[in-house]
Amino acid sequence: MPTSRSVPASTPDRAGLARTLSNWFAHAARDLPWRAQGTSPWAVLVSEFMLQQTQVDRVIPRWTAWIERWPTPSALAAEVPGEAVRAWDRLGYPRRALWLHRAAVEIATLHGDVVPRDVQQLLALTGIGPYTARAVAAFAYGEHHPVVDTNTRRVLARAIHGIAAAGMPRSTDLDDMAALLPPDPAEAAVFNAAAMELGAIVCTARTPLCDACPIAAWCEWRGAGYPDNSPEKRPKQAKFEGSDRQARGRIMALVRRSAEPVSRDAALNAARGKHREPHDVTQPQRAYDSLIADGLIVELEGRAQLP
DNA sequence: TTCCGGGCTA
DNA sequence: TAGCCCGGAA
């Protein structure tokens, strides 16, 4: 790995980078519904929960229906958790539907039905971590915080550190971003969004569109000739086919679409899929048990249903 | 057909 | 640190 240059001394015109990127965002930003004027903090929070693991195009219809049905935290909190799981549909990682429901209960009961604006209070809510807490504070309330998601981390790695790909999250990510933020809170919020947007649609992981990049002139990675200097790759993701994840997803799909509780046998059969692969005979039961442990299904008299 | 992105919890 | 879901990109 090349020695990184002594950090800020020789780096040019950071304010120019921020200004240029924000100007680009003003015309290039996708027209996403949660970016509309007047979107409530709750609606912003819901969008961030959904976007934690799911691409924008798949989130939009679920988010729209969710906000229409549950326009406030207390509206969701009044439902049983299973309704949140069902409405989550196939967004993936359904534990997050449970967490969002729990967060709604916490906001309704502990915060007077008002989404907190303080990062520490946001972090204390179920399912909210460092990214989501700062995203809500910055985008819903205009608070001055660095917001760093995986897209921003990749932009920082390339533009600031000259490294082809971001590795594991670094302790310096938030400091790096904070150093770039304009002092004005509203401008800082725009810049946070702009950096994420650049990572999402231009500075992409696999095929970055460097010719179309508005901050190419500032990019250390480009300046170095696009070296293939990534640190170790992140551990490769296990195959989905044949995985416990897949088995869990199949059970959840069955339980979500069933108006009535389903028998345990039906659930275990669903876990096996069409091919009835016998490679791991313990998997269906393991998947079933793990869903119960996660609270995503409950079993009553040998029948499984949403909580 | 395979690969991989995405933040959080325990 | 591992585990979690699905769909679109390669």
Side-chain angles (χ1 to χ4, degrees), chain A residues 44-63 84-103 106 119 122-139 146-155 157 164-170 173-174 192 195-209 230 232-257 270-271 273 275 283 286-297:
Chain A
V44 171
L45 186 153
V46 172
S47 77
E48 294 297 347
F49 255 87
M50 292 180 170
L51 291 164
Q52 280 171 6
Q53 78 264 22
T54 309
Q55 298 88 339
V56 162
D57 289 349
R58 295 166 58 208
V59 163
I60 289 174
R62 293 294 103 226
W63 178 84
V85 175
R86 202 191 300 276
W88 195 255
D89 198 38
R90 291 195 287 182
L91 289 180
Y93 296 116
R95 287 185 298 184
R96 289 159 203 268
L98 283 184
W99 296 342
L100 179 52
H101 182 272
R102 271 180 222 148
E106 291 159 3
V119 167
L122 286 162
L123 283 170
L125 298 172
T126 300
I128 293 194
Y131 165 73
T132 307
R134 288 173 178 79
V136 170
F139 302 141
V147 181
V148 178
D149 74 343
T150 189
N151 288 307
T152 296
R153 289 184 46 246
R154 189 171 53 252
V155 170
M168 300 300 290
R170 309 163 155 220
D173 288 337
L174 284 175
N192 277 313
M196 276 192 281
E197 190 79 345
L198 187 76
I201 66 180
V202 175
C203 194
T204 53
R206 287 197 258 187
T207 318
L209 307 174
S230 305
E232 300 86 86
K233 290 179 179 174
R234 283 185 285 184
K236 199 178 59 171
Q237 182 177 111
K239 263 183 25 173
F240 181 63
E241 189 64 33
S243 66
D244 284 14
R245 287 176 173 181
Q246 185 182 44
R248 284 166 53 101
R250 284 169 170 161
I251 295 173
M252 287 309 299
L254 172 65
V255 174
R256 271 200 315 267
R257 69 169 178 265
H275 306 300
Q283 184 180 68
R286 184 169 64 248
Y288 184 87
D289 290 343
S290 74
L291 290 171
I292 290 180
D294 285 345
L296 281 164
I297 57 177

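Chain identifiers are assigned alphabetically (A, B, ...) following the order of the sequence lines, protein sequences preceding nucleic acid strands; residue numbering begins at 1 within each chain. Reckoned from all heavy atoms, side chains included, excluding hydrogens, waters and symmetry mates.
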[X] [atom1] to [N] [atom2], straight-line distance once rounded to whole Å:
X: Phe49(A); N: dT9(B); atom1: CZ; atom2: C1'; result: 12 Å
X: Leu91(A); N: dG8(C); atom1: CG; atom2: C1'; result: 15 Å
X: Arg90(A); N: dC5(C); atom1: CZ; atom2: P; result: 15 Å

Please determine whether any donor N or O and acceptor N or O are separated by less than 3.5 Å between the side chain of Glu48(A) and the base of dG6(B).
no

Base, sugar-phosphate, or nothing for [X], non-hydrogen atoms under 4.0 angstrom?
X: Asn151(A); value: sugar-phosphate
X: Gln55(A); value: base
X: Ser290(A); value: nothing
X: Ser243(A); value: nothing
X: Asp149(A); value: sugar-phosphate
X: Arg153(A); value: nothing
X: Leu51(A); value: nothing
X: Tyr93(A); value: base

I'd like to check the ring-ring contact (aromatic ring centres under 6.0 Å, His included) partners of Trp63(A); sequence neighbours left out, ordered by chain and number.
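Trp63(A): ring-ring contact (aromatic ring centres under 6.0 Å, His included) contacts with Trp34(A).
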
Listed by chain and number, what are the side-chain contact (heavy atoms from CB on, under 4.5 Å) partners of Ala287(A), not counting sequence neighbours?
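Result, side-chain contact (heavy atoms from CB on, under 4.5 Å) vs Ala287(A): Ala247(A), Arg248(A), Ile251(A).
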
OP1 or OP2 of dG6(B) under 4.0 Å from side-chain N/O of Thr150(A):
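Yes, within the criterion.
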
